[in-house]
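This report concerns only the one structure given below.
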Amino acid sequence: MSIQIYNTATRQKEEFHPLNPPQVLMYNCGPTVYDYFHIGNARNFVVVDAIRRYLEFSGFRVRFVQNFTDIDDKIINRANETGEPWDKLAERFIQEYFVAADALGIQRATIHPRATEHIPQIINLVQKLIDAGLAYVVDGNVYFRVRRFHSYGELSGKNVDELEEGARVELEEHKEDPLDFALWKAAKPGEPWWESPWGRGRPGWHIECSAMALTHLGETIDIHSGGCDLVFPHHENERAQSMGATGKPFVRYWLHNGFLTINKEKMSKSLGNFFTIKEVLAKYPPSVVRFYLLSAHYRHPLDYSDAALEEAKSAVGRIREAVLSAEKLFELIDPAIAPPSEAEPSAEVAKFESAFCEAMDDDFNTPRAIAAIFEAVADLNAWRLKLAQDPRNPALAADVAGLINLVHRLLGVLGLDTLIFGEGKQDVGTESRLAEELLQLLVKVRKLAREQKQFAIADYIRDELATLGIRLQDLPTGTIWIKEKE
RNA sequence: GGCGACGUAGCCAAGUGGUUAAGGCGGAGGUCUGCAAAACCUCUAUUCAGCGGUUCGAAUCCGCUCGUCGCCUCCA
């Protein structure tokens with residue numbers, strides 16, 4: 001079964017075949033670092049991360065590049081407002097990107113190139129376009145000659161003449177044609193600049209991505225992704241620049257995620273209706289935020305609300321409860337019966353993995369993939385209850401263990417496993433070991449109380465533990481405890 | 001004005017020609033329990049915005065209408 005990807009360029013799902021399998025060359029447009037990124041930006045990063053993880057899970061070797069745009073009008077403006085030097089500001093928000101991205105379980109890219117570190121490559125690329133007659137210099141500015149590029153508008157489905165009629169394009173007297181866009185901007189007084197053959201200046205917005213993609217991935221890349229507002233003009237221009245310079249196909253599969261909306265309206269920095277990732281993570285744990293972002297298909301709009309996050313929280317809680325309860329149950333069972341952790345999944349268990357993969361193969365359908373996980377969770381709950389009643393049944397124990405492993409593995413593919421369950425319990429400090437033993441002791445005392453029908457005492461222990469975030473579950477085999485998260 | 005997306009239960013969200021329309025959240029009842037919690041079982045869309053059409057058969061294809069949103073300008 002092969003992976004199907006919806007390609008913006010062709011407006012249909014296509015079978016995914018990278019140019020040089022198993023290698024996949026992938027580029028995602030990263031943040032412009034002048035502020036914390038917002039939850040809508042986070043959607044792009046999380047979705048692309050899940051796609052990357054799934055490609056790797058499917059046997060591909062992904063070389064993944066995500067840039068930082070660290071020089072741009074917005075950064076300059078923000079720096080002027082706050083008085084912070086523009087490069088310090090950019091550096092600060094690059095670090096903030098990593099803080100939030102790490103929290104959300106977004107894996108680091110193979111390379112995180114920065115625009116300012118690629119000025120020579122940018123200049124080189126601009127020169128090539130000038131030499132090819134696709135760009136021209138006016139007063140230290142360099143513009144791309146849109147009408148000279150043969151397939152301009154092909155990606156976004158725009159027609160050059162209609163674009164002109166729209167006439168919303170910025171009018172600059174320097175340009176030969178209003179549609180032309182800047183490759184290199186002459187420095188205005190007080191602005192940062194680099195030396196170039198056309199005088200002091202800085203790169204235009206689109207050229208940096210072309211330069212970084214060409215530098216780190218080559219002339220033709222497999223997947224290029226970004227939010228759907230980047231289709232035009234950013235990606236259209238990027239494509240024109242890259243193909244104009246190399247004469248080669250630039251991107252084989254264009255992927256664009258839908259917007260995160262708020263009250264059904266696009267969340268955007270210019271509308272001011274956004275929540276930064278920092279604000280959201282202050283209210284909800286990363287596991288919940290990530291789950292929420294993957295709960296709709298990536299190309300569809302997703303509306304942000306507290307209710308939606310609360311729902312995600314409950315849903316994550318259901319998965320967590322099922323897995324932790326089952327794992328705790330094994331602690332009550334005769335170790336001789338408990339199967340090794342790498343138990344092979346039975347055919348019954350494997351069907352959930354097939355359903356999961358089938359969903360992900362179909363243009364990364366994460367909602368359907370999550371549904372498969374929930375079906376596995378339902379089975380896990382049912383079987384774990386049977387095991388609690390029949391703890392000496394090795395076949396049952398193997399099935400339960402197989403399901404536990406499966407759920408962990410599938411959550412891992414979505415990048416959720418670590419966020420929900422933590423890094424594992426390998427290094428338990430002496431303090432928490434002591435806490436664990438004290439907890440066991442309390443559970444034993446409560447057991448004695450219950451045996452003597454001293455229910456007031458038993459319930460007191462249970463209630464007090466609950467206020468500490470420890471919830472008890474009485475099973476036929478004994479009592480297990482689960483720590484509430486956060 | 002041009003181009004495009006979407007409208008599925010109380011809510012979120014899959015499904016894009018064919019047995020009973022996934023899954024989650026919420027709600028109702030029941031089982032288990034000393035009581036809980038968690039879990040389990042049952043119920044919660046005869047119907048997919050509306051109207052026409054194609055077809056043996058449509059939520060699914062086509063047309064129209066209504067509604068919501070996006071891109072065409074910096075934005076993931």
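The chains referred to below are lettered A, B, ... by the order of the sequence lines, with proteins before strands, and numbering in each begins at 1. Quick caveat: nothing in here was measured; it's all calculated off a predicted structure.
Between A:Tyr298 and A:Asn44, the residue whose closest nucleotide on RNA chain B is further toward the 5' end is A:Tyr298.
Aromatic ring centres of A:His235 and A:His206: separated by at least 6.0 Å.
Of the listed nucleotides (B:rC74, B:rU33, B:rG23), B:rC74 has the atom at the smallest distance from the side chain of A:Pro233. Nearest nucleotide to the A:Leu385 side chain, out of B:rC71, B:rA13, B:rA39: B:rA39. With B:rA14, B:rG24, B:rA13 as the candidates, the nucleotide lying closest to the side chain of A:Arg368 is B:rA14. The side chain of A:Arg471 lies closest to B:rA37, out of B:rA37, B:rA39, B:rC25. The listed nucleotides are B:rG26, B:rA37, B:rA14; the one nearest the side chain of A:Pro367 is B:rA14.
A cation-pi contact, defined as under 6.0 Å to the ring centre and within 45° of the axis, links A:Arg299 to A:Tyr6. In this structure, A:Arg450 fails the cation-pi test against A:Phe455, since its NZ or CZ atom is not both closer than 6.0 Å to the six-membered ring centre and inside 45 degrees of the ring normal.
Neither OP1 nor OP2 of B:rG7 sits under 4.0 Å from any side-chain N or O of A:His300. Side-chain N/O atoms of A:Asn365 include one lying less than 4.0 angstrom from OP1 or OP2 on B:rG15. For B:rG7, the OP1/OP2 oxygens have no side-chain nitrogen or oxygen of A:Lys264 closer than 4.0 Å. Proximity of A:Arg318 to the phosphate of B:rG24: a side-chain N or O atom is located under 4.0 Å from OP1 or OP2. Contact check, A:Ser156 against B:rC72: no side-chain N or O comes under 4.0 Å of OP1 or OP2.
Stacking between A:Phe455 and the base of B:rG34 is present: ring centres sit under 5.5 Å apart and the planes differ by under 30 degrees.
Taking CZ of A:Phe274 as the reference point, atom NZ of A:Lys266 lies at 13.0 Å (rounded to 0.5 Å).
Using P as the reference atom, B:rU42 and B:rA5 are 40 Å apart when rounded to the nearest Å. Here the separation of B:rG17 from B:rG53, taken at their C1' atoms, is 16 Å to the nearest Å. Rounded to whole Å, the separation between the P atoms of B:rC32 and B:rC41 comes to 15 Å. Rounded to whole Å, the P atom of B:rG27 lies 11 Å from the corresponding atom of B:rA38. Look at the C1' atom in both B:rC48 and B:rA59: the space between them is 4 Å, to the nearest Å.
For the pair A:Ile71 and A:Pro192, the tightest heavy-atom approach, listed with the atom from each and the gap, is CD1-CG, 3.6 Å.
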